[in-house]
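Worksheet: one structure, shown below.
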Amino acid sequence: MEQEKQKPSRLEDLNQYEIVVQRLLERGVNLEEIAEITYDLQKKYIPELTLEYCLIHVGKVVKKREVQHAVITGLELDILAEKGLLSEPLSSMLLNDYGLYGIDEVMALSIVNVYGSIGFTNFGYVDKLKPGIIGKLDEEGKLPGKCNTFLDDIVGAIAAAAASSIAHRFSK
Ligand SMILES: [Ca+2]
Ligand SMILES: [Ca+2]
């Protein structure tokens, strides 16, 4: 495995990184579980891939300011929906994960977008198959009073973006 240089860029926010990791944890998701999806997406292309390497790339994705903004916004909407603090019709749409509501997927695309077109393919795959923690979040979101409408797409998008980040490094 090649060495990863850890240089901060203006696109990254390390303070907000801690907040975002904590928010995800509070919603029942840790970065390792996201890395497992990334690993599943990429292992067929890169036999020497390790879970640790996937976790590094998940971390890189979550350090990006643009990604952090999507996570913070999406999770907040899920939480407000659970607390009954949103007005209608949005409240029912989010609590019932209304099938024709696609703003959660659109927001997730803003995460995937950071890594170009491979990201979209990976996200489509994850969105369809709901592997690992995403399937769990999907089921949990169906419980009364629980809302994971934004969370499942955000997790899928981070995993897909990390897979794309890895793919870019190996496509030389
Ligand atoms: Ca949706
Ligand atoms: Ca969703």
Side-chain angles (χ1 to χ4, degrees), residues 13 16-17 19-42 54-55 57-167:
D13 187 325
Q16 206 149 266
Y17 170 81
I19 295 171
V20 167
V21 170
Q22 187 57 38
R23 285 282 166 87
L24 284 167
L25 270 180
E26 284 164 10
R27 300 299 290 172
V29 180
N30 63 52
L31 297 192
E32 285 79 7
E33 287 163 314
I34 303 180
E36 281 168 17
I37 299 169
T38 303
Y39 180 75
D40 281 341
L41 281 169
Q42 285 301 312
C54 293
L55 186 57
H57 281 264
V58 167
K60 279 162 69 102
V61 170
V62 179
K63 286 188 185 89
K64 292 259 190 302
R65 195 172 269 126
E66 216 176 323
V67 172
Q68 294 166 349
H69 292 167
V71 177
I72 289 169
T73 307
L75 296 200
E76 193 75 18
L77 285 166
D78 281 350
I79 292 166
L80 291 173
E82 285 180 1
K83 288 181 175 166
L85 293 172
L86 296 174
S87 60
E88 293 296 358
L90 186 61
S91 178
S92 294
M93 283 178 180
L94 295 194
L95 276 173
N96 301 323
D97 197 7
Y98 177 52
L100 295 178
Y101 181 86
I103 306 302
D104 44 346
E105 289 85 2
V106 171
M107 192 184 284
L109 290 179
S110 76
I111 294 176
V112 173
N113 195 28
V114 176
Y115 292 91
S117 59
I118 313 173
F120 291 94
T121 314
N122 282 334
F123 179 66
Y125 180 83
V126 166
D127 191 37
K128 209 172 151 193
L129 293 184
K130 304 194 188 307
I133 180 82
I134 298 177
K136 211 179 105 189
L137 293 173
D138 192 50
E139 284 306 309
E140 188 189 80
K142 290 175 182 146
L143 298 173
K146 189 74 193 154
C147 181
N148 286 342
T149 296
F150 279 87
L151 181 61
D152 62 344
D153 292 292
I154 284 168
V155 168
I158 295 171
S164 310
S165 171
I166 292 169

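Just so you know, residue 1 is the first one in the sequence shown, and it goes up from there. Order of appearance sets the numbers: ligands from 1, and atoms from 1 within every ligand.
Using a distance-only test at 3.5 Å, with no hydrogens or angles considered, no donor-acceptor pair links the side chain of Glu66 to the main chain of Ile111. In this structure, Glu76 contributes its side chain and Leu80 its backbone to no donor-acceptor pair below 3.5 Å. Of the possible donor and acceptor atoms, one in the side chain of Glu33 sits under 3.5 Å from a partner among the backbone N and O of Asn30.
Near the Ca ion (ligand 1), less than 3.0 Å away, sit the protein N, O or S atoms Tyr101 O, Asp104 OD1, Asp104 OD2, Glu105 OE1, Glu105 OE2.
Looking at Tyr115 and Lys64, their side chains come closer than 4.5 Å, going by heavy atoms from C-beta outward.
Checked against the Ca ion (ligand 2), the N, O or S atom of Asp152 at the shortest distance is OD1.
Applying the 6.0 Å contact sphere to NZ of Lys130 captures more than 12 heavy atoms from other residues, nucleotides or ligands.
Asp138 contributes atom CG, which lies 11.5 Å from atom CD1 of Ile133 (distance to the nearest 0.5 angstrom).
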